Amino acid sequence: MKFKFLIVGTIFVLPITNVNAALDRSGQSVLPFLEDGNYSEFGITVVDPNISGTVKNRSDLIEDSSDLNLGKVANSFDLYNFALKFQLNNYMNLGLLFDQPFGADINYPVRKNGSFSDNIVSHQGTSVKVETQNLSFILGISPFNNFQFYGGPVYQQVKANIELRGKAYTDAFNGYNAKFKRDSELGWLAGISYQIPEIALKAAITYRSKIKYNISVDENILGLPLNLISEEKTKLETPQSINIDFQTGISKSVLAYSNFRWVNWKNFETRPAQFGALSEILTDQATNGGYKNGFKLDSYEKDQYSATVGLGYELNKKWSLFSDLSVDSGTGNPASPLGPVNKSWGLGLGFKYNPNSNYFISGGVRYFWLNDTTTQDGTYYLPIEGVQKNSEQADFKDNNVISYALKIGYQF
């Protein structure tokens with residue numbers, strides 16, 4: 001029995017992660033490349049995080065203990081994706097995918113407690129802005145029926161701006177600024193897919209390589225250049241990942257779909273040259289020479305694992321509905337104050353409308369429940385007795401994220 005089903009796996013799978021784990025946002029899907037024939041799509045997702053916390057009531061962290069609330073620390077943001085796929089013949093496909101895979105937009109408001117804001121000189125809060133863009137060029141070859149091997153280069157751009165403010169960063173780093181200049185590098189992807197059109201089955205596994213950078217970073221303290229060592233570029237590495245996608249029709253009107261994703265955040269770290277040199281001086285002084293290696297500006301201690309499972313329901317030839325559940329392992333607890341999120345659960349609801357058989361409009365909403373987490377500074381994992389308790393800074397509880405997505409697809 002052939003399922004003439006209106007739904008395909010790429011139609012309504014909202015970005016899997018958004019802001020609920022590390023920097024991962026788009027999910028890096030290649031599902032548009034698996035569409036039949038010649039295909040194009042454009043999508044936009046609006047993400048509205050509600051993330052706030054309270055600083056620990058310690059004299060080394062606060063200026064005013066009357067209000068320990070840190071306010072809303074995460075900004076709303078938009079994500080865009082574009083795909084273009086050409087079926088050259090029965091054995092070869094070409095594709096171009098654009099997405100914004102990793103990012104961050106954190107901005108602590110100025111509060112009386114002064115924990116993550118400078119209330120005297122700059123009157124600014126701690127902030128981080130990270131932006132990336134990916135262009136994936138894909139060639140697919142089908143040497144056997146139903147199988148396709150695909151791969152190609154990935155062009156990636158990254159830039160970032162980090163500002164540390166407040167008592168939580170001590171006098172040494174209060175006012176520290178790091179501007180990561182826009183840079184670009186190449187990576188690659190490779191995968192294999194299998195399809196049985198008669199039952200709407202599609203399965204694919206895709207590997208994306210890590211991408212290494214040597215980025216120029218302008219570092220200063222409230223505008224005064226930081227020149228503790230000779231200028232050198234900062235090593236940065238966006239992570240390798242694996243996506244496993246699966247869908248199948250389970251009746252003429254019901255489709256099951258899923259995605260499983262692994263991201264190798266455990267090897268990610270950020271340590272600009274001058275920041276590292278200053279941290280080495282401070283740890284040397286604090287331990288009377290017992291530890292001199294300093295600490296990182298930001299890092300993650302665990303890999304991220306996420307999963308989404310859902311069902312699509314065909315109401316008629318023009319309308320379909322979707323629902324799915326997602327879970328994300330996060331990258332460890334405690335977390336960084338530059339990304340104060342950990343594990344999450346999500347529920348997504350959406351629709352697809354087919355005005356004609358060759359194009360569609362789909363949209364939906366997803367709600368994420370964020371697990372409680374504690375944030376810590378970069379000294380948490382140092383081999384120094386008692387450092388973990390002192391480096392814990394704030395607690396983030398009862399937070400959530402809402403995302404809204406709209407997508408238009410066209411087969412030509």
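Nothing here was measured: the structure is a model prediction, and the numbers come from that model. Only heavy atoms go into these numbers, but all of them, side chains included; no hydrogens, no water, no symmetry mates.
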Quick check: does any side chain N or O of Ser209 sit under 3.5 Å from a backbone N or O of Trp188, one acting as donor and the other as acceptor? yes
Are Phe295 and Phe275 an aromatic pair, judged by ring center distance below 6.0 Å? yes
The criterion is salt bridge (charged side-chain N to carboxylate O under 4.0 Å, His left out); which residues satisfy it with Lys296, sequence neighbours excluded? Glu269
Separation of Gln195 CD from Leu34 CG (nearest 0.5 Å): 6.0 Å
Test item: Val327 and Tyr305 side chains (from C-beta on) under 4.5 Å apart, heavy atoms: no
Return the minimal non-hydrogen interatomic distance between Ala307 and Phe260, and the atom names on each side. CB-CD2, 3.5 Å
Could you pull out all residues at least two apart from Glu280 that satisfy salt bridge (charged side-chain N to carboxylate O under 4.0 Å, His left out)? Arg271
Let me know which of Asp328, Asn371, Leu370 forms a side-chain contact (heavy atoms from CB on, under 4.5 Å) with Trp345. Asn371
Run the salt bridge (charged side-chain N to carboxylate O under 4.0 Å, His left out) test against Lys72 and tell me which residues pass, sequence neighbours left out. Asp48
Would you say Ser26 and Asp99 are linked by a side-chain donor-acceptor pair, where the criterion is simply a distance under 3.5 Å? yes
Exactly one of Phe77, Phe368, Tyr404 should register a side-chain contact (heavy atoms from CB on, under 4.5 Å) with Val47. Which one does? Phe77
Salt-bridge contact Lys397-Asp395 (side-chain N to carboxylate O under 4.0 Å): no
Option from Leu94, Leu189, Leu96, Val154 for which side-chain contact (heavy atoms from CB on, under 4.5 Å) with Ile138 holds: Leu189
Using a 6.0 Å cut-off, check whether atom OH of Tyr91 has over 12 heavy atoms from anything other than its own residue. no
